[in-house]
Each structure stands twice: as structure tokens, then as C-alpha cells.
Amino acid sequence: MATLNENTEFDPKNDDLNKFKENGTDEFLTTNQGVRINDNQNSLKSGERGATLLEDFILREKITHFDHERIPERIVHARGAAAHGFFQVYEPMAKYTKAGFLNDPDRRTPVFARFSTVAGSRGSTDLARDVRGFSVKFYTEEGNYDLVGNNMPVFFIQDAIKFPDLIHAVKPEPHNEIPQAASAHDTFWDFISLMPESTHMIMWLMSDRAIPRSLRMMEGFGVHTFRLINEAGEAYFVKFHWKPLLGVHSVLWDEALQISGKDPDFHRRDLWEAIENGFFPEWELGMQIIPEADEHRFDFDLLDPTKLVPEELVPVMKVGKMTLNRNPDNYFAETEQVAFHPGHLVPGIDFTNDPLLQGRLFSYTDTQLSRLGSPNFHEIPINRSINTVHNNQRDGHMRQMINKGKTSYDPNSMGGGCPFQAQAAQGGFTSYAERVDGKKIRGRSASFMDHFSQAALFYNSQSEVEKEHIVEAFSFELGKVELESIRERMIGILTEVDLQLATQVADNLGLEVPKEPQHPLNHGVPADADPIDYQPTKKKPNIGRSEALSMANTIKDSINSRQIAILADVEVDMDNLMAMKTALENVGGVCKIIAPKLGYLHGMSGEKLKIDMNFKTGASVFFDAVYVAGGTKNENRLLTNPDAIAFVNEAYRHGKPIAVEGDTVPFLELTMIKGTSTVSASQIDHLADQGILVLPVGASTVGKTAVDFILAIAQHRFWNRV
Ligand code: HDD
């Protein structure tokens, strides 16, 4: 495990930020003009009970600043959490790109990564069913490069002109501003049911990917196809991926609902605490690289952002690693004011003509102007490039830079022609000379019209449990829709994905499913167009199943930073408890003691152990696994504690690994865990298959049970419980 500040001394961005940091320790309180304040408790009045005087510049300054503390929240992705870190490439990528940060394995490029939900306001819950934003700002020596992606590899729409419609549909309905941070309402599903192009993305949104266990356990995707350009000017298409070293894991919808009430900050707290405790989150940067010559090799269009490139067709090459190792010092200054932009490029990376990407290139600067209030937002410390900035742009609100000299135009002779343009060989950015020929039209390519093949590919690639969760998600979301015609249209769309899926959802909604797939009408058609040209088509996909799309196949080799609840009351068998706790902590588990009230647990030989949470503050939904401590008095007290029984039942229902000491069997008989009363060897094995481990009564060591428990926690969940 690395130490907290291990890498900060090599971090040029942190050096830059340090110049702006303030710390009031051992300092006098001052006004913004630097005048020391003598009384911060009372305003200036005419007499002890008199009116307040306008003259009170200290009062006025303080209140005025307070009145203007808020800025508009992001129009989308308002709620987020971020951290600093660094990126390092494994091997030079010179064959594909000249980007400096992708060519020098010795270079640690500072990064700032922000994760977000999309629909909710700044104060909304972390656990909404939603896409998660995954934005990374690389402070490279050649300028800032932003990879502004999501935790899903495709998007709802194919053209940026539809983005305001999509967001208006998903945001709270305008007449009553209900519901907050939720897609389960009429306007969203009205829009989606009329836009068949969103079908693939909707499958992802209704999957467990939309309710991650942790921001540290999500994949990230650049979504669009981008270009890499090498020194010789040759181009390759590229899809960017972030692969978390902890694997991809989710919570259940029932957990998400509970966490939203019990700890709406669950994800940002998890990220913060992991970094504070030295569990630095890591992702490998992956690339799917496609030669230009292969542009038309696929049964979909590489420019269509509703399609992914199956990993079976183009493997993901792991090219480097991002490590987040430092929390921000100030949420507003850093996480709120950071401004990402998919158009922040460095030489060696370029765009494609994906019409969604092209529209984004306009939107991101524009939105910062109203959000951050000035074209000088690049001067805010978190947004500054570590490469020095020289140009002839001047003035504007809140300008920080003091540009010297008389010339602010180019060409000039009076300033010696400075600052100079850079040749490509000197690092000047040159756009890829793509040949573009065509009539000016508003329209959509016929190669974009297959809206269902990859939706079906995604669904067919899921495990049975994942499929069940998708059915439940559709049933919940559409169950919240009030207009039956919207539900019916959605069932029609689902018939195109999978008839059984459509049937199950329809059944839950009390609707009939059409016998044959029902071709939904595409209502997103221009006024003068022939609707035939816009109707969805369905091709036979290149492959029928992609293992990479199922979370069942994710990495399950670590319990690093996993949260384990140890349930206990009063007097415990401290030897076993400590042995289990130590075994878990040695491999990165984080144990919390939960008991009916705070204070200390007592061992039978007088040992003491601090209790971390009581049953009012600690809930099973915060944890990945549960250990029930043994000891006669402990067990007797747990027997009569409904909170303890509910805790274990909930963990059981949510498929979480549970380890118990054999002498807590009478307690367990009150829970949903059955069959522990005569713990024969075969029963122990049967329970172990379901992630329930029993430490035999009188065992002198926790040895094998601890090992099995650790393996079970690494599995994340057990779905085979009846
Ligand atoms: Fe966007 C923010 C990701 C399409 C317009 N977007 C934003 C953020 C992420 C994404 C992660 C939060 C950045 C942060 O943390 O500050 N957006 C995406 C992805 C898209 C996408 C992966 C499709 C592939 N976005 C998209 C379109 C448009 C926008 C088509 C407009 C035409 N997005 C914005 C924005 C935001 C934004 C309004 C709001 C706050 C901001 O930019 O800085 O400009």
C-alpha cells in the first residue's frame, strides 16, 4: 500500500496548485483587503441597541460575499466527486500516436478525475439509477488533455441536436419539478419510447451498471471513436476504456434505495475514505485500435455513438495506469470549478466526425461561460495547464494574468513577432487532414439505422441474474410511468430486443405482449423526410454474445477496501474475533464493529475493543460482508435483538457473504439462514457454496473459515440462495 503523499512531490500540477492554497492556522482574521479584524461577533451600531450603520465595511463585505457564494450548477452531471492522481504509460505508443504522455513510461502525468451522476442536482443522492460521468483531465507537458467519458460505452442519441430534448425529458418534470435524480417518470419514457436509437443505451441503464457499488469499481469509456495520429501523420481509430483493477461491481436496486436515504453521500464518501486510508483507486487505460483501412469492416458505423466495438472483434490493449492518490483540499475550488471539454486535445489525438462528438465540441466551452462566468475560466487554478500559456487573448471578467508589452495582435513587428507559432515538429497542433467531401445536408446516414442488434447483443451477453435485474428495473421504471400508451410503446421496443424480456416486463405491468416483434415507429423524423428512410433496421450482428459485457466475468481476486461488518454485543470470544479481523485486514478488508450501543466490546478475559457504529448508524447496506462474533453472552443478547436479526437477513437477501461462529447457531435460526442447527460437514459445504461460512464450535483457529470468507468476499455476491 502506498503512503498518502508518496507521489505529490513529483507532481507539477500540485506545485502549481500550492501557490494558491490558503491556510488560516496561527494567522489573524482579516478582511479581503488584508485588514485585521477586531470583532467578528457584532456589527457596528449607533448605540448598544441602535440601528446598524451602513459604514460597517466588515459587515458589508462579509454579507456581500456570502450572498454571491453560489454559482449555477452544471446543467448535467451536477453532482460529482473528484480526486487527484497520476497517469503512466507502460510502453511507448509511438506506432499509433505522438502524444507525449503516451510515449514516455518514465513520465508521471498529473490527472484530476471527476465522477458524476447525470440527472440529479448537486445535492441529490449518489445512488440514483443513472449513467456515471467519468472525466479525466491530464495535465500533460504539451497542454491539457481531457477524456470526458461515461461508465457506459454507448449513448442515448446519435446527434448532439437531440441532447437538450433528452435532458429535458429526464430532468424533473417542469410543472412540479418531480422527480429528483430519477428516470422513472413519464417524460423520460415518453421520449425514449419514441426514439428507438436509444434502445441499446437503455439496456445499459436498466442493468446493474447504473447502480455501481463504488466509483472505484466502474469502467470508463470515451464513448466516441477518436483518432490517434503518429509522428508520420498516420491515423488510427481508437476507442478509449478505463478498466478498474478492483473489477466492476454493483449494488442491488433495493440497496440503492436504502442507501439513498441512509447515506446519500455513499459514493463520494467511499472515494474520499479509500484515498485517505491509502487504498488508491487504479484503472488501466485500454485502447481498441482500428486501422483506417478497417473503417467499414464492421456491421455498424464507427461514427455512431450508440454502438460499441465488441472486445471479441477488437481486443482492448492495456496501455497504462491511472492512480488516484490525493483528495482535493477544497470541494468548490477544485471539484466544482474544474471545467472539462472533449475538445481539449493535445498533438497526437484528434476527433472523428461522430455527430454527437461534433456537437459536444461547441457545448462545453459555452456552458462554462454561464457556469463559471467568464472566458478566463482556464485561469482558475484547477483548470490551468502546467505548460505556460502565451497568446494574444486579453482581458475579460476576473482576468488573473498580467500580460506585459504593447502587442496583443499577430502578426506584429513591435513585439518581435512573439509569441511564435509552432511548427508541427515543434509541437504545434495540426488537425488530421481527413478528406471531407459532400453536400451540405441535414440528415442521418443509413449506416446508423440498426438500433436493436447491439441492444440484443448486450442482453444476450448477460448472466441469468443480470437479466433478472434488467427485467426488474424495467418493471420498476415503467411501473412509475402513468400513461399506459408509453408503457405499451416500450414493450413494443423490447420485443425487438428479446421476446422473453418483453413478455416478462409486460407481465409485471399487466400488459399483453405482441406475438411478433413490433417494429416501433421512429418519431425522430424531419418534417419533410420520408419516414421509411428513418425506420430502424435490424442486422445480424457480427457476434451473438460478448463475455466482456457481463459483470459476472469481472475481476474477483481481491477484498481490498471491502467493508466488513462485525456484529457483536457485550461479551465476545475476543480471540476468534481478533483472529478473524486480523486475517481480513491483512488482505485489505476494512472491519467495523457494530453493536447495539457505542462504547466497548469486552472479551471473556477482560480485553476491550472499541465499537464503531450502533444499529441506528450502521446498516447492512453499507457493507460487503458480515461476520457474527461468538461468545455465550454475546449470542444470548443477539437472540433478543431484532436489529441484529434484520441486519443479517438483509445481508442474506442481498447475496452478501456471511461468516458466523458455530455457537451463534440459535441466533441464526431466527434469521433466514437455515440449516445451521446441526452443522455437519456436508451442510457446512452446502452453505459455503452460498457464501455462508460457519466457524466450528470450539475451533482453536479461524484459519480455513477465514480463508474461505476472504474468497467469498472477493466473489462479491452469491445469487444461488433460495
Ligand atoms: Fe456531456 C458535462 C459526458 C454528451 C453537454 N458530459 C459532462 C460531463 C461528463 C459528460 C462526464 C461532466 C464533466 C465534469 O465532470 O465536469 N456527455 C458526456 C458523454 C457524452 C456527452 C460521455 C456522450 C458520449 N454532453 C453530451 C452532449 C452535449 C453535452 C451531446 C451537448 C450537446 N455535457 C454537456 C455540457 C456539460 C456536460 C452541458 C455540463 C457541465 C459541463 O459540460 O461542463 O456542456
Side-chain angles (χ1 to χ4, degrees), residues 71-84 111-122 126 130-138 144 146-171 195 197-198 200-201 204-205 209-210 215 218-226 239-242 267-268 271 302-308 324 328 331-344 351-373 377-378 380 382-383:
I71 61 170
E73 66 175 30
R74 287 168 175 81
I75 175 79
V76 282
H77 297 267
R79 179 161 181 87
H84 294 274
V111 299
F112 190 63
R114 182 176 183 272
F115 309 99
S116 45
T117 53
V118 180
S121 299
R122 246 188 85 179
D126 281 345
D130 201 350
V131 184
R132 298 298 183 287
F134 195 124
S135 305
V136 181
K137 191 180 281 294
F138 297 78
N144 289 347
D146 293 354
L147 185 51
V148 195
N150 282 337
N151 75 330
M152 298 177 189
V154 290
F155 204 65
F156 297 92
I157 46 170
Q158 296 175 321
D159 191 312
I161 200 167
K162 299 307 297 168
F163 192 68
D165 300 296
L166 167 74
I167 300 306
H168 286 174
V170 72
K171 283 272 184 182
M195 292 286 287
E197 73 199 51
S198 62
H200 185 192
M201 180 64 165
W204 284 81
L205 188 66
R209 300 266 183 162
L215 301 171
M218 316 188 299
E219 287 183 301
F221 301 90
V223 182
H224 313 283
T225 303
F226 288 90
K239 289 272 190 191
F240 292 112
H241 296 245
W242 289 111
H267 280 155
R268 67 165 61 166
L271 180 67
L302 281 178
L303 301 186
D304 174 357
T306 66
K307 306 295 185 298
L308 53 84
L324 299 182
Y331 184 90
F332 180 84
E334 299 172 80
T335 309
E336 192 60 14
Q337 293 202 106
V338 65
F340 292 96
H341 193 321
H344 291 165
F351 314 122
T352 59
N353 293 334
D354 173 341
L356 191 71
L357 173 60
Q358 293 282 320
R360 290 179 77 192
L361 298 178
F362 166 73
S363 185
Y364 287 71
T365 312
D366 191 42
T367 206
Q368 312 309 347
L369 294 177
S370 64
R371 193 171 76 82
L372 299 170
F377 65 84
H378 64 281
I380 295 172
I382 193 67
N383 293 326

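Start at 1 and go down the list; that is how both ligands and their atoms are numbered. We're numbering straight along the sequence, starting at 1.
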Exercise for the section: Measure the shortest side-chain to side-chain distance between L356 and H224 over non-hydrogen atoms and say whether it is less than 4.5 angstrom. Expected result: yes
Exercise for the section: Give the intermediate values and the outcome of side-chain hydrogen bond (donor to acceptor under 3.5 Å, both in side chains) for residues T352 and D354. Expected result: CA-CA 6 Å; T352 59; D354 173 341; 5.3 Å; no
Problem - Presence of salt bridge, R79 and E73, under 4.0 angstrom - result: no
Practice task
Hey, can you tell me if F240 and F226 have their rings parallel, tilted or perpendicular (30° and 60° cut-offs)?
Solution key: tilted
Problem - Residue pair V136, F115: steps toward the side-chain contact (heavy atoms from CB on, under 4.5 Å) verdict - result: CA-CA 9 Å; V136 181; F115 309 99; over 6 Å; no
Per-pair distances, 0.1 Å, donor-acceptor, side chain in residues 159-169, under 3.5 Å, sequence neighbours excluded:
{"from": "D159", "atom 1": "OD1", "to": "I161", "atom 2": "N", "distance (Å)": "3.0"}
{"from": "K162", "atom 1": "NZ", "to": "D165", "atom 2": "OD2", "distance (Å)": "3.2"}

Practice task
Quick one, list the residues around ligand 1 where some non-hydrogen atom comes in under 4.0 Å, by chain and residue number.
Solution key: R74, I75, V76, H77, R114, G133, F134, S135, V148, G149, N150, F155, A160, F163, V223, H224, F340, L356, R360, S363, Y364, T367, Q368
